[in-house]
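Bear in mind the structure is a predicted one, so any value in this text is a computation, not a measurement. Naming: A, B, ... by sequence-line order, numbering from 1 per chain. Both backbone and side-chain heavy atoms feed into the values below; hydrogens, waters and symmetry mates do not.
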Amino acid sequence: MKKYNCKKIEKKWQDRWDENGIYQADDFSKKKKYYCLIEFPYPSGTGLHVGHLRSHIAIDIVARKKRMSGYNVMYPIGWDAFGLPTENFAIKTKTHPKIVTKNNIKNYTHQIKSYGPSFDWSREINTTDPKYYKWTQWIFLKLFNSFYDEKLDKARPIEELRMPKKLDEFEKRKYTDSHRLAYKKEMAINWCPSCKIGLANEEVINSTCERCGAPAEKKIMKQWILKITKYADRLIKDLDTVDYLDKIKTQQVNWIGRSEGAIVKFPVILRRHNKESRANTQNDLNNGINTPTTPSQDGNSSLSARNDSPIIEVFTTRPDTLFGCTYVVLAPEHPLIKNLESGIENLEEVKEYIKESKNKSDLDRTDLAKEKSGVELKGIKAINPVNQEEIPIWIADYVLFSYGTGAIMAVPAHDERDFEFAKKFNIDIRQVVAPLFIDKGKNKIRKDKKNTKREVVDVIIKHWNKDEYFCLDWSKSKNDWKTFIFGGVEKGENIKEAAIREAKEESGYQNMRVVKKIGNEIRSRFFAAHKDVNRHDLKRNCVYIELIDNSYVKPKIEHVKNHNGIWLKREEVKNFINLEELKIYWDIFQSGEKPFTEEGIAINSGEFNGLTTFEFKKEITSWLEKNKLGKKAINYKLRDWVFSRQHYWGEPIPIVKCDKCGNVPLLEKDLPLKLPDVKNYEPTETGESPLANINKWVDVKCPKCKGKAKRETDTMPNWAGSSWYFLRYIDPKNDKEFASQNNIKYWMPVDLYNGGMEHTTLHLLYSRFWHKLLYDLNYVNTVEPYKMRRSHGMILAKDGQKMSKSRGNVVNPDEVIEKYGADTLRLYEMFMGPYGDAIPWNTTSLIGMNRFLERIWNMQKKIETQNFVSSPKKTHNIKQLLHQTIKKVTEDIDNLKFNTAISSLMILANEMEKGEEISLDYYSQFLILLSPFAPHIAEELWELREEKKSIHLQKWPRYNPELIKEKKITMIIQVNGKLRDQIKASADISEEEAKKLALESEKIKKWINRKEVRKIIFVKGRLVNIVA
RNA sequence: GCCGGGGUGGCGGAAUUGGUAGACGCGACGGACUUAAAAUCCGUUGAACUUAUACUUCGUGAGGGUUCGAGUCCCUCCCUCGGCACCA
């Protein structure tokens, strides 16, 4: 037999598998279907690096194993080929993107085939093929021709939209257009000045362009928008129905960022009561504020403002803090400002500020380290609707126009940003939530005891000449408190007087002065064991006192019988104190005032005092609704999807712009709208797509009125084609439908979808959105497209850095395959570590995999020289191990634990090698287990078995559970939990027998010595632990 | 700052989910083969102590706790990676 020549056998089998089409999936089969999917590659000019292969190989192993386990497996491949890199490369090299794409695909196909994945090439798709993007455009038209029915909570055809009465034709169109799931809107978009393209929110990373890293700018443009926010709730809720990695689910939930709260209306009054200058802003308010996701937009008319005064609408998650609102803030872009101009006394200053913040880049604006800035709108005031108080209105860029209503109510006592701002500009800070500490431990409120209410003061006392503080240790009493001095405030006393009295009584020191009050109001409820009553304490402040000298009078016993006073150094205090409220006071004493942002109990809130945050929120919200001053609202961080791109290499948006009819969709029969061939596809400086320059293509007749019209020249983002491609694999050649209903019913959902974490908030979310639309319109049969989502870890360069062309640390699979072969590469990629983890590439470790395959090859040689049928005697210990390995490999593949599966194959190979002879039968079984990982060598060695059918069409072995059980075990004997002896014993040894053996052991006797054996623990089949 | 993952030999990593820590592989050291080297094969390889592969002690980021027994569970802290970040 010859040497292991990986190159030769790999080429041989790749060709043969191709010819035989053994990996093609059947549409419809008696077998159970299994649809596994990797994210289809973007064929760039750089080619694949080893990291790209990791998921391909992993899912290939799953596919192969499933196939051998009797499933009808579909493992398809295709090309996500529209997009900027290709266009940029085309411009640079003056080659048409079509040609560039074709070449790249050719190169990628070659690369992919060289590591032997079992893709079904007969289903290959390409997003830039008009036959494919016809359906991408078709889905866009579905979005355009649908509206979201809030009541049924689903999308419906736009024809079914119920129109308000008495609308003229123009109004009807406006109304309809505003309800379409795809709509065009003038808006500030993220703009990359380098790529000259609009970016979706998700494509802006740290305020820079995801692709080229240039700082993103804002640009006002008319853009196509998809209303993904209509699906926000369902995109969260339906995560319950799928099996995604938890981190994927949390990332999506966080990205959607749902928060519940209320919209509150603050009327605005102008100080100079000039009627003409009072703007009627009601209409502007409804149209201008960009709250596409807040319910207030729909049916806003029910919330009529008082009189005709302008209204500021704010969104808050803490309506319970309304009484603490001491100012309101508008984002600098807020349209209301313009309407209020006539009332603003410092208009120049305001305009200057707006201009400044407009010029600031997002990077500057969102820099958390920078100080807050803002300008008060002098001459006008807002009215706090809960207490009619006049409060100042500010504009400040810490308020984002794009979130909520673009305006906030500021509650500095309970919000960090408002607090910082109020401190800087000297605005009132009013506490309306008191922290509430309810003892849940030993000093829990007891139902059978009397409840007592009282006002209490805590006293921090500083030593007369050292940096030490007087604390109390209550271990004498039944309370295990560690506190400062504290006590009740008596009638007629103020807090300071009470503090001094308590300080003298309990410490004994006589000469002191009050320095300051610290902190705010706190409530606590607990059982006071030393008095045998429940206490409901109200603490208004903590009082800080410094001793002047050491004059001392021994305290009366009644004051100190429950505790000992001790002096502690400043740094010791924090760890000593064990009551939460005292920790708060101490913390404020140490590092200054802080807002209290958590939940608590309402104070200074009129009739609502005493309510918990939770109760208050509910009550105030219904109060607001009753009084038409606000309503419940839900907000999302998720924005609608900006869908326009001003580029050539993308799907043309199938819309015609007609002066008379507005945006008119193409008819289905006119799809695909093909990209015109052009010479010049460079982006334009105006931000318009290069298509705009092609008059022949742009000038068309309106499909509706046949009048003069122009084509939409924006193209789709490259997330479009990938949002539904898994459906096309199901029926890739269908030219009547994107896929036939029968095929969809058979194949959907995708059983296993693997992809990178970087797509969690982009592609994965977008495609779930599109799928739900198709579901609502009855084109697909599943609510969710993917049953299971898993993620591969990145392969890093040897230096632990990300692999990238610019760093020059890319490992090219072609070179690895050339030197060591595809099977070695495949094994190494799977063996290097847990599939989900990022792991640095290490070429020296790769050698181990090559050795492993060489040894397997050499085992075949050994078989050829030994008797044809070996005697079981000489291989007797292998059978059990083989069955254990079958179990391990089977389960590990199912759980994507490829590294340990390979390790168990190595253990089996090592054992087989050690034997005098190698059993042919066991070796064959071993080859089958190996075949998903190293398909070429397994197939080659299988062929030598004189088997006619490919190894990849063999049945996956099953293990015999009886055979796996260990009959003899090494029983561990511990003394006090430490390993002291090991005894060989039968696996089902009885407890008594085991204990007897353990106690008889000489070693154990030594360890027990003359100590008393208190207890013996027995774990069946494992250990005995003697407690002495 | 918030959310999520992680921290185990020289390195990549195992560990039956609370029961022999370090499987498997790389590297290193020693040996065999060879004129020699590579390749291959055999042996050793957590640390300390030691003539010793004996015995013992220590050892899974740090400290504390629960338990007969903790890499695994609980608390506090440190470090690191990923995501989000003035989201009201």
#### Entry: Gap between atoms CH2 and P, on A:Trp857 and B:U40 respectively (whole Å)
17 Å
### Task
Under 4.0 Å between any heavy atoms, over every strand shown, what does A:Glu416 touch: base, sugar-phosphate, or nothing? Just pick one.
nothing
### Query
Going by an N to O cut-off under 4.0 Å, is there a salt bridge joining A:Lys995 and A:Glu991?
yes
### Query
Can you find a donor-acceptor N/O pair under 3.5 angstrom joining the side chain of A:Lys372 to the base of B:C86?
yes
### N-O pairing of A:Arg790 and A:Asp243 below 4.0 Å
yes
### Task
Quick one: sort the A:Phe421 and A:Tyr327 rings into parallel, tilted or perpendicular, breaks at 30° and 60°.
parallel
### Task
Give one of base, sugar-phosphate or nothing for A:Trp841, where a contact means two heavy atoms less than 4.0 Å apart.
nothing
### Message
Do the side chains of A:Lys423 and A:Glu420 get close enough for a salt bridge, i.e. N-O under 4.0 angstrom?
### Response
no
### Summary
Here the helical stems involving RNA chain B, each at least 3 consecutive Watson-Crick or G-U pairs closer than 3.5 Å, sorted by first residue number, are B:1-7 with B:78-84, B:10-12 with B:24-26, B:27-32 with B:40-45, B:46-48 with B:56-58, B:61-65 with B:73-77
### A:Lys358/A:Glu356 ion pair, N-O < 4.0 Å
no
### Message
Rounded to whole Å, please give me the gap between CZ in A:Arg318 and P in B:C86.
### Response
20 Å
### Message
Anti or syn, where syn is a glycosidic angle within 90° of 0; which label fits B:U17?
### Response
syn
### Task
Give a yes or no answer on whether the side chain of A:Asp397 reaches the backbone of A:Ser357 with a donor-acceptor pair at less than 3.5 Å.
no
### Message
Rounded to whole Å, please give me the gap between CD in A:Gln251 and P in B:C2.
### Response
18 Å
### Message
Of the listed nucleotides (B:G12, B:A88, B:U57), which one gets closest to any side-chain atom of A:Leu400?
### Response
B:A88
### Query
Residues two or more places apart in sequence or in another chain: which of them pass side chain to side chain donor-acceptor pair (under 3.5 Å) with A:Asn895?
none
### Query
With a non-hydrogen cut-off below 4.0 angstrom, is A:Asn899 in contact with a base, only sugar-phosphate, or nothing?
sugar-phosphate
#### Entry: Distance-only donor-acceptor test, A:Arg851 side-chain atoms vs B:U40 base atoms, 3.5 Å
no
### Summary
A:Asp981 atom CG is separated from B:C55 atom C1', nearest whole Å, by 13 Å
### Message
Rounding to an integer number of angstrom, what distance separates B:G46 and B:C24 when you compare their P atoms?
### Response
12 Å
### Query
Of the residues in residues 319-330 of chain A, which ones touch RNA chain B at a heavy-atom distance under 4.0 Å?
none
### Query
When we call it a touch if two heavy atoms are under 4.0 Å apart, what does A:Ser259 touch: a base, just sugar-phosphate, or nothing?
sugar-phosphate
#### Entry: Check: A:Thr317 side chain, A:Gly261 main-chain N or O, donor-acceptor pair, under 3.5 Å
no
### Message
Heavy atoms only, 4.0 Å cut-off, all strands: where does A:Gln974 land among base, sugar-phosphate and nothing?
### Response
base
### Task
Whole angstrom is fine here: how far is it from CD1 in A:Ile972 over to C1' in B:A15?
14 Å
### Message
Would you call the rings of A:Trp641 and A:Tyr766 parallel, tilted or perpendicular, taking 30° and 60° as the class edges?
### Response
parallel
### Task
Round to a whole Å and report the spacing from OH of A:Tyr828 to P of B:G25.
15 Å
### Message
So if I take residues 795-804 of chain A and measure heavy-atom distances to RNA chain B, which residues fall below 4.0 Å?
### Response
none
### Query
How is A:Met849 classified with respect to the nucleic acid when contacts are heavy atoms under 4.0 Å: base, sugar-phosphate, or nothing?
sugar-phosphate
### Summary
A:Met830 atom CE is separated from B:G13 atom P, nearest whole Å, by 14 Å
### Task
Let me know the distance between OH of A:Tyr4 and P of B:U40, rounded to the nearest Å.
14 Å
### Summary
Sequence neighbours excluded, the answer for side-chain contact (heavy atoms from CB on, under 4.5 Å) partners of A:Ser55 is A:Ile38, A:Asn754, A:His792, A:Tyr835
### Task
In plain terms, say whether A:Glu854 and A:Arg851 are close enough for a salt bridge, that is, a side-chain N and a carboxylate O under 4.0 Å apart.
no
### Query
Roughly how far apart are A:Asp246 CG and A:Gln251 CD, rounded to 0.5 Å?
12.0 Å
Using atom types as modelled, flag every donor-acceptor pair under 3.5 Å from a side chain in residues 903-910 of chain A to any protein atom, sequence neighbours excluded.
unit_1, atom_1, unit_2, atom_2, d
A:Ser904, OG, A:Ala901, O, 2.8
A:Asn910, OD1, A:Arg855, NH2, 2.3
A:Asn910, ND2, A:Met906, O, 3.4

### Task
With heavy atoms under 4.0 Å as the rule, sort A:Pro840 into base, sugar-phosphate or nothing.
nothing
### Query
Between A:Met906 and A:Thr250, which is nearer to the 5' end of RNA chain B once each is assigned its nearest nucleotide?
A:Thr250
